[in-house]
There are 2 protein chains.
Amino acid sequence: MHITRAVEYGIIGMLYLAGHDRGKVVMIDEISRKEDIPKSFLGKIFQSLTRAGLVNSNRGAGGGFYMARDSDQINILDIIEAVEGKIALQRCLDAATGCSNSDSCALCLLLHDIQETVKQTLANTTLADLAQKHADMKSHKHPQRPLTESVRLPDIRTE
Amino acid sequence: MHITRAVEYGIIGMLYLAGHDRGKVVMIDEISRKEDIPKSFLGKIFQSLTRAGLVNSNRGAGGGFYMARDSDQINILDIIEAVEGKIALQRCLDAATGCSNSDSCALCLLLHDIQETVKQTLANTTLADLAQKHADMKSHKHPQRPLTESVRLPDIRTE
DNA sequence: CTGAATAGGACGAAAAATGTCCGGTTTAAG
DNA sequence: CTTAAACCGGACATTTTTCGTCCTATTCAG
Ligand code: SF4
Ligand code: SF4
């Protein structure tokens with residue numbers, strides 16, 4: 001139960017982009033140096049972000065990446081799923097694998113509930129939200145409020 | 001971001017125990033067969049559960065495991081932490097490793113919030129709750145309500 | 001043309017997850 | 001007392017996932 005480096009790097013990379021003018025083209029090398037992330041690894045991650053349409057890229061000399069939408073139109077779940085595909089806390093919640101017992105397994109139901117709240121929270125947090133908080137924190141203003149609010153659980157599996 | 005097999009097996013094993021009379025001594029071999037879990041692996045997992053005080057064990061002929069407390073006095077977070085230690089969604093949230101930026105990283109804050117709600121949900125679900133739902137589901141009664149309720153986020157990091 | 005930069009895929013090392021095995025200890029029962 | 005059953009504990013083996021690297025191709029500015 002751990003967030004992967006790839007996801008973390010992806011979010012931090014996007015935060016870096018969001019901290020600059022929209023449309024500003026930034027090279028992998030710059031993000032890599034400024035955020036201390038292995039360059040080739042970050043390159044791979046940005047390929048995924050590009051394929052997912054969260055950023056655009058220019059190739060060739062003077063090339064680099066820039067945001068495809070405004071940062072308040074991108075949420076954190078978007079980024080995570082771009083980097084590592086759909087979130088699945090367990091086999092039964094993974095469309096690809098699945099589990100034959102999932103219809104009669106209370107644990108599966110519990111994990112499903114938890115997964116949905118996590119996804120809701122991630123989906124409700126925009127990159128702009130996170131970038132704003134990030135900037136605040138770097139300027140030594142201590143945060144007073146939690147970043148997220150409580151999320152209503154969806155009423156799942158009620159036919 | 002995945003629940004490990006060890007944790008899943010641990011919970012299912014405890015569910016099995018909870019489905020029998022309190023004090024009933026059950027062998028690893030029985031749980032292993034009935035729940036289709038590799039025997040030696042399950043043995044290891046139950047060692048952890050025993051060390052954590054969730055179950056007691058009798059050694060020697062006629063030995064086995066039995067619940068150390070009533071199932072409504074054990075929650076799912078207890079089981080998870082018994083099997084794999086404290087939950088940590090990231091380095092910065094892991095007391096052992098940590099991250100030097102955690103004071104000025106909005107992502108850390110977001111992950112912290114999420115982790116807390118997950119832990120709250122797990123802590124609010126007792127083994128008895130899960131066992132009840134499990135039994136219901138196995139007898140073909142379709143569940144009407146989600147297992148968990150929404151959890152208030154704690155107001156973290158407000159000095 | 002040349003050098004800079006991403007795209008894509010193959011590859012490799014390290015870590016974690018998932019088990020297995022075996023010798024040791026405890027205990028019930030004959 | 002002996003034996004067989006069962007857990008204990010640690011070492012070990014296998015597989016999968018994570019965390020990258022590297023190389024070639026492609027694209028583009030100057
Ligand atoms: S939690 Fe239940 S349904 Fe999900 S994978 Fe485990 S056994 Fe299957
Ligand atoms: S999220 Fe921020 S604080 Fe947490 S490990 Fe990553 S960089 Fe460090």
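Computed from a predicted structure; not experimentally measured. Convention: sequence-line order gives letters A, B, ...; per-chain numbering from 1.
Listed pair A/Arg59 / D/dA25 fails the phosphate criterion, with no side-chain N or O lying under 4.0 Å from OP1 or OP2. For C/dA7, the OP1/OP2 oxygens have a side-chain nitrogen or oxygen of A/Ser57 closer than 4.0 Å. Phosphate contact (OP1/OP2 of D/dG20, side-chain N/O of A/Tyr9, threshold under 4.0 Å): present.
Along DNA chain C, the nucleotide nearest to A/Ile28 and the one nearest to A/Met1 differ in position, and the one closer to the 5' end is contacted by A/Ile28. When the nearest nucleotides of DNA chain D are assigned to A/Ser40 and A/Gly62 by heavy-atom distance, the more 5′-ward of the two goes with A/Ser40. Both B/Ala61 and A/Lys39 lie close to DNA chain C; mapped to their nearest nucleotides by heavy-atom distance, the more 5′-ward contact belongs to A/Lys39.
Look at A/Asp29 and A/Lys39 and you find a salt bridge, because one of the NZ, NE, NH1 or NH2 atoms lies within 4.0 Å of a carboxylate O, short of that distance. Taking 4.0 Å as the cut-off between side-chain N and carboxylate O, B/Asp70 and B/Arg22 count as a salt-bridged pair.
Atom-to-atom, CD of A/Gln47 to C1' of C/dA5 comes out at 12 Å; the value is rounded to the nearest Å. The CZ atom of A/Arg51 sits 12 Å away from the C1' atom of C/dT6 (whole-angstrom rounding). As rounded to whole Å, 8 Å separates atom P of D/dC7 from atom CG of B/Asp29. As rounded to whole Å, 16 Å separates atom P of D/dC8 from atom CZ of B/Phe41. Across the protein-nucleic acid pair, A/Arg5 atom CZ and C/dA15 atom C1' stand 11 Å apart, rounded to whole Å. The CE atom of B/Met27 sits 14 Å away from the C1' atom of C/dT27 (whole-angstrom rounding). Per the geometry, OH belonging to A/Tyr66 stands 17 Å off P belonging to C/dA5, to the nearest Å. In this structure, the CG atom of A/Asn56 is 10 Å from the P atom of C/dA7, given to the nearest Å.
A pairwise comparison of heavy atoms in A/Glu8 and A/Ile3 identifies N-CG2, 4.4 Å as the closest pair.
Nucleic acid contact class of B/Asn58 (heavy atoms, under 4.0 Å, all strands): sugar-phosphate only. Using a 4.0 Å heavy-atom criterion, one finds that A/Gly43 contacts no nucleic acid atom at all. Counting non-hydrogen atoms under 4.0 angstrom, B/Phe65 reaches the backbone sugars and phosphates but no base.
Between the side chain of A/Lys44 and the base of D/dG20 there is no donor-acceptor pair of N/O atoms closer than 3.5 Å.
At distances below 3.5 Å, not a single donor-acceptor pair connects side-chain atoms of B/Asp21 with backbone N or O atoms of B/Lys24.
Residue A/Ile11 holds its CD1 atom at 11.0 Å from NE2 of A/His134, rounded to the nearest 0.5 Å.
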